Each structure stands twice: as C-alpha cells, then as structure tokens.
Amino acid sequence: MSFLIARVLPVRFGSETEKPRQVNQIRLLSMLPTLVHVAVVASGGRATTDLGDPVGYVRPRPAADIGSSPWSVGAEVQDRNYSYMPAWQQYLGPLGAKRARIESGWARCEPSAGAYNWGWLDSIVNEMHAVGVKPWVTLSFNNAVYGPAGADPVKYASAGAPLPDLNNATVRAAWARYVQMLTKRYDGVIDEYEIWNEPDIQTSPDIITSVAYGQLLAVTTRALLTGNPAAKAFLNVASPRHGPFAAEALATAKTADPMAFEAIVSTTFHPYTSNPDSTYHEGDVAALLRNVTRASPNMTVLQGECGAPSTQGGYGALTEYKWNETSQAKWALRRLVTDWAHGLKWSSIFSIVDMCYEKDSHLDINHKGLIEINCSTRTVVRRKQAYFAVQHLTALIDGNVSNPGLSWVHTAVGGQFSRVDATRNGAGMVLLWRNTDMPSGLYNYSNATAVTLSLTQPPVSFGDPVLVDLVSGAVFEAGQCSGKATQCTVPSYDAPILLTERAAVPMQPTPSWALAGSVR
C-alpha cells in the first residue's frame, strides 16, 4: 500500500472554534495537511515523491473580483425564516461563488390577497448584488390565502405544498400576477427562474403529475416573460432518474404555450447520493439529458441543489450516514468538480449556512451549511472546513478555465480515480481524486495513493508546477512534473488535488482558516 509520512511542524492553532471549547481531536487531525511535510512512499518503501513543506496556501478571491464562474451556493429557506441572512451575509462575497439560489416565498410576499411585502426579498437581492453575487430564484411555494377554506398556512408555504389550483381562475390569476410583479421588480438583476421545487417526488395526498407540472410551467413562463421579456425559465426534478417526468412536463408546456416554451432553457436536478460521483457512474444525468432534449433539443441540465451534512442526524437528506466536517468538505469539492467536469454550466452547493427548521413546535437542524449557526440566537458560530474548501475551489477555477476533459485512472491498490484536464489562460490544469466511495471522515493523506499521471495522453506540460490540496489549500512544489517529463507521480486520495502552474495559483503564507480568528 502507498502511504504518506507526515512530520508535524511547529504551528500555533488559530482556528475558529469558540475559545472555551476543547479542540475536537478529529478536527485537529483534519488540519494536519496544512501543517505537515509530506512524502509519498511506495509499497516497497522507496520514496517516489517528496513534496516537502507547503510553499504557501491558496488565497481566496471574493466574488466581486471574479468575472464569471461555474459555482453557485444555496441561500434557500429565507422565505420561511429558517435562515437569517443578516447573520451570515458578511461571508457570502468572500466565499467566491458567483451565483446564489433563493426561494421566492409567495406566501411571505403576499400575506393577504392583493397586499404585497417585497422588503425582505429586496434586502436579500440587494445585498447579493452588492457583493458581486448573482441571485437566481426558485418560484415557490403555495399560498394558503388562495387555498381552500382551512388551508394550513405553514404547509402551503413549505416544501411538499400542492401546486396552485390553475383550474380556479382566481388562483391562476393571482399566481400569474405575483410572478409577473416579481420578475418585473428585479428586471436587470435577476433573469433566471426555476419553477417549483422537486415536483417529481411529491407524496400523497398532494402528488404532482407531470401534466399538472407542465401546465404550471406554461402559465408561469408566460407570466415571467410579461414581467421580464429576457427572463429564462428552468424546470426542476429532484432525481436525475425522473427524466420521463421532465419530458412529459415539457411536452405539456409546449402544447399549452409554444411561444413561452422557448424561454424554458434548462432542467435542474438535485442528486443526493453519499458518493457524489455515483450520479454519473450510473448514467443518471446522461439519461436525464436524453429525455429533456427529445422534448427541447437545446435544453441543458444544471445541478441546482445538493449538499452533505457535517454530522450524522438532523434534518434532510443523507443524514443516515456518518459524517463529519472533513467528509463534508471532501464531498462538496467532489460534487462541484464532477458536475463541472461533466459539462454542466454550473453546480450549486447546498447551503451556505445550517438551516433551522421549526417543525411541529420543535427545532430540526439541517447541518448541510458551510457555516455553523446557533439556532437559538440566530448567530454564526464559525465557518466549517467545507467553507474554506469551497473558497479554494472558487479561487482557482472560474470562467477563464476552459475545455475540461474527464478520464479515469485505474491503480492496482488505490482503485479508480477521476482525472480532469483543463486550461486557465493557457496554463495546464489536472485535477485528480479517488471516486469509488463516499468520502471518509479522516484527513487520509496517511492513506493516499501514489498515482502516476501521463503527461502525453492527454498532452500537458508544465514549466513551474505546483500541487494543490483543495481541502486544506496547501500548495507544494511538484518539480517532478516539469519540463519534458512524460509522466509524474503525485499523491491522491478521496478529495480533489490540482496540478497546475505556480502562476495560476493565488497564494498567501498562511491558511485561510488560521487567518480567520474567532467569529464574533
């Protein structure tokens, strides 16, 4: 087995844990890669690659300094007050994601028939715009004001709500008016709208058929275009395996309003799997794309919502697995990078902050946030490892990175690795990670595999290469990959590492988590 020998360097820990709390052993171990001298040792005991000490760490780039990128972050559930933007807004711009998903909250915008409250949504949109983040909006959910007598306001305003009753002329006109007013209000700032959230997995008694969803697509898209003629619409399915549902909904929408149908340009999906790479291994996304392009040949697919928790338990998907902050950080990187490598225009990580769901008079916490929140005080506790990992990714891969090409590398002892080749302003880039399993919760550079990369198939050359560990942000010399080398050996594990030119990496002498200090 290949493994790494690590010599801990003298470092003063300055992480964002609260001062009174003892440093958790797992979190301490997870920080080691930012502090160590690394040497890859082959199974025979011969050192094949000595990376030495880090020469620096990735310097984050705020969203305002990035022209475009394939990264989005979730800023959902504010429509139901499960997330409170004033608590975390100072961390949105520095994350480096160029888009953020928000939910429009019909019930909060129109608390009584014909009376609108846009202030809460204005503040969110304005704050995002001010820090260089482009909001995109999910138009949802229902509104008990327009429901049957006795309709539950909480249920109607939440995930799982029935669709607006479009057979009722009053309800149909109210929904269309709301959509038209919203899109007109934010014309010039927001032009991308997702229509409803996960209609394909709605359960009894409010099951949503593909035909009913298609009718909603037609009515909503027509209202979108009335408010903002440049608006683009997305349909949504939770599972990429539900391509037939999406295709049937598109066919219904096209029949109902052929002209408005042309504005439906993308299908979003939410692929919650413990191994983020398995979404593609099993061919689900390719099948989704085949289904939707039969209905609309120019249709694209986007990953619109997906995340992993930082602990086992709590509210939401994937909570049955054993997670910690390290496995969450690895998972987030693999989710985003594998979506990008498969040609998606963007991928959105769910979510920027832990979400505090008030359900039946008790509190459920969704721990998928990149930031830990105190739900009692609605204040930030600290940024998690995943926040810094995503910062490293957004700093290095932006709209100037082109031509990602995906291939697989097989090793005798380490299993299967994903390899992505790309260029940024002429500089070669190679990303590599083991893709066979759910990410482990250990910072297992101690279990890394020495992977030999061909530099001729596909062709890539480096003048002054460095190797970047995206989880920690540590940057190492990679001279073995320079010049006329036809192959080189690098350590790889179950999170992405990046081989590229030194000049392509913005650097600082200290890791970001150590610079963060305590959160106030």
Side-chain angles (χ1 to χ4, degrees), residues 73-89 92 100-113 115-128 135-147 151-164 174-175 178-179 182 186 190 193-199 201-203 206 208 236 238 268 270 272 304-307 309 314-317 319 348-380:
V73 66
E76 297 90 348
V77 306
Q78 296 183 74
D79 57 317
R80 288 153 281 164
N81 287 309
Y82 298 157
S83 176
Y84 183 59
M85 189 171 181
W88 51 260
Q89 64 187 28
L92 176 62
R101 180 186 185 227
I102 56 180
E103 291 163 315
S104 67
W106 184 18
R108 190 171 180 186
C109 289
E110 191 179 356
S112 59
Y116 295 89
N117 169 26
W118 301 106
W120 71 277
L121 194 53
D122 286 347
S123 64
I124 293 169
V125 172
N126 291 338
E127 177 61 30
M128 289 182 174
W136 61 285
V137 176
T138 300
L139 294 163
S140 58
F141 287 99
N142 210 326
N143 190 339
V145 169
Y146 295 101
D152 182 348
V154 175
K155 176 184 176 182
Y156 263 60
S158 302
L163 295 182
W175 170 256
Y178 160 66
V179 171
L182 185 149
Y186 301 117
I190 303 173
Y193 292 89
E194 181 183 57
I195 299 174
W196 216 254
N197 182 70
E198 302 183 348
I201 60 170
Q202 197 111 321
T203 57
D206 298 309
I208 298 173
N236 171 248
T268 59
H270 303 167
Y272 283 96
E305 176 205 305
C306 207
Y315 180 79
T319 55
S348 192
I349 193 69
F350 181 79
S351 182
I352 189 165
V353 68
D354 288 345
M355 293 149 280
C356 309
Y357 288 76
E358 297 177 16
K359 298 281 186 179
D360 302 322
S361 302
H362 72 277
L363 185 68
D364 281 332
I365 303 175
N366 192 326
H367 297 282
K368 294 184 181 69
L370 305 179
I371 299 170
E372 181 183 349
I373 200 80
N374 182 322
C375 288
S376 298
T377 61
R378 295 168 72 102
T379 55
V380 166

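All values reported here derive from a predicted model rather than from experimental measurement. Heavy atoms only: backbone and side chains are in, while hydrogens, waters and symmetry mates are out.
Annotation: salt bridge (charged side-chain N to carboxylate O under 4.0 Å, His left out) contacts of R80 (sequence neighbours excluded): E103. Evaluation of the side chain to side chain contact (heavy atoms under 4.5 Å, CB included) rule for S83 yields V77, Q78, W88, V353 as partners, not counting sequence neighbours. For the ring-ring contact (aromatic ring centres under 6.0 Å, His included) test, residues two or more places apart in sequence or in another chain that qualify with W118 are Y116. Taking W196 as the reference, nothing meets the side-chain hydrogen bond (donor to acceptor under 3.5 Å, both in side chains) condition, with sequence neighbours excluded. Contacts of D122 classified as side-chain hydrogen bond (donor to acceptor under 3.5 Å, both in side chains), with partners at least two apart in sequence or in another chain: R185, Y186. Residues that satisfy the side-chain hydrogen bond (donor to acceptor under 3.5 Å, both in side chains) test with N143, not counting sequence neighbours, are absent from this structure. Listed by chain and residue number, nothing satisfies the salt bridge (charged side-chain N to carboxylate O under 4.0 Å, His left out) test with D79 (two or more places apart in sequence, or in another chain). For C109, the disulfide (SG to SG under 2.5 Å) test picks out no residue, with sequence neighbours left out. Every residue two or more places apart in sequence or in another chain that forms a ring-ring contact (aromatic ring centres under 6.0 Å, His included) with Y315 is listed here: Y357. With sequence neighbours left out, T379 forms a side-chain hydrogen bond (donor to acceptor under 3.5 Å, both in side chains) with T377. The side chain to side chain contact (heavy atoms under 4.5 Å, CB included) search around A115 returns S112, not counting sequence neighbours.
Shown here for P199 and I208, the closest heavy-atom pair between the two residues is O-CB, 3.6 Å. When all heavy atoms are compared, the tightest approach of A238 to I201 is CB-CD1, 3.7 Å. For the residue pair L121 and S104, the shortest heavy atom distance occurs at CD2-O, 4.2 Å. Across I365 and C375, no two heavy atoms sit closer than the pair CG1-SG, 3.8 Å.
Of the possible polar contacts, one joining the K368 side chain to the A317 backbone as a donor-acceptor pair under 3.5 Å is found. The backbone N or O of T268 lies less than 3.5 Å from a partner atom in the side chain of N236, making a donor-acceptor pair. Here the side chain of N366 pairs no donor or acceptor atom with the backbone of D354 at under 3.5 angstrom.
Counting only heavy atoms from C-beta outward, the side chains of N142 and P162 approach each other to under 4.5 Å. Using a 4.5 Å heavy-atom threshold, the side chains of D364 and H362 count as touching. Between T138 and R101, the closest side-chain pair of non-hydrogen atoms falls below 4.5 Å. Within the 4.5 Å cutoff, no side-chain heavy atoms of V137 are placed close to those of E194. Counting heavy atoms from C-beta on, the side chains of V125 and I190 come closer than 4.5 Å. Taking 4.5 Å as the limit, some side-chain heavy atom of Y146 sits within range of a side-chain heavy atom of E110. Within the 4.5 Å cutoff, side-chain heavy atoms of I102 are placed close to those of M128.
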- Query: So F141 and R108, side chain to side chain contact (heavy atoms under 4.5 Å, CB included) or not? Walk me through it.
  - Reply: CA-CA 10 Å; F141 287 99; R108 190 171 180 186; over 6 Å; no

- Task: Would you sort out whether W106 and L182 count as a side chain to side chain contact (heavy atoms under 4.5 Å, CB included), showing the intermediate values?
- Result: CA-CA 10 Å; W106 184 18; L182 185 149; over 6 Å; no

- Query: Hey, mind stepping through V73 and L92 against side chain to side chain contact (heavy atoms under 4.5 Å, CB included) and telling me if it holds?
  - Reply: CA-CA 9 Å; V73 66; L92 176 62; 3.8 Å; yes

- Query: What's the verdict on side chain to side chain contact (heavy atoms under 4.5 Å, CB included) for N197 and E305, showing C-alpha distance, side-chain angles and the deciding distance?
  - Reply: CA-CA 10 Å; N197 182 70; E305 176 205 305; 3.7 Å; yes

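Taking CD of Q89 as the start and OG of S123 as the end, the distance is 8.0 Å to the nearest 0.5 Å. Summarising the geometry, atom OH belonging to Y84 is positioned 13.0 Å from atom SG belonging to C356; distances are rounded to the nearest 0.5 Å. Note that OG of S140 and CG of L163 are 11.0 Å apart. Values are rounded to the nearest 0.5 Å. For the atom pair OG of S351 and CD of E76, the computed distance is 4.5 Å after rounding to the nearest 0.5 Å. Going from atom CD1 of I124 over to atom CE of M85 covers 6.5 Å, rounded to the nearest 0.5 Å.
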Kindly list each side-chain donor-acceptor pair under 3.5 angstrom involving residues 151-161, sequence neighbours excluded, with atom names and distances?
residue : atom : partner : partner atom : Å
D152    : OD1  : V154    : N            : 3.0
K155    : NZ   : D206    : OD2          : 2.9
S158    : OG   : V154    : O            : 2.6

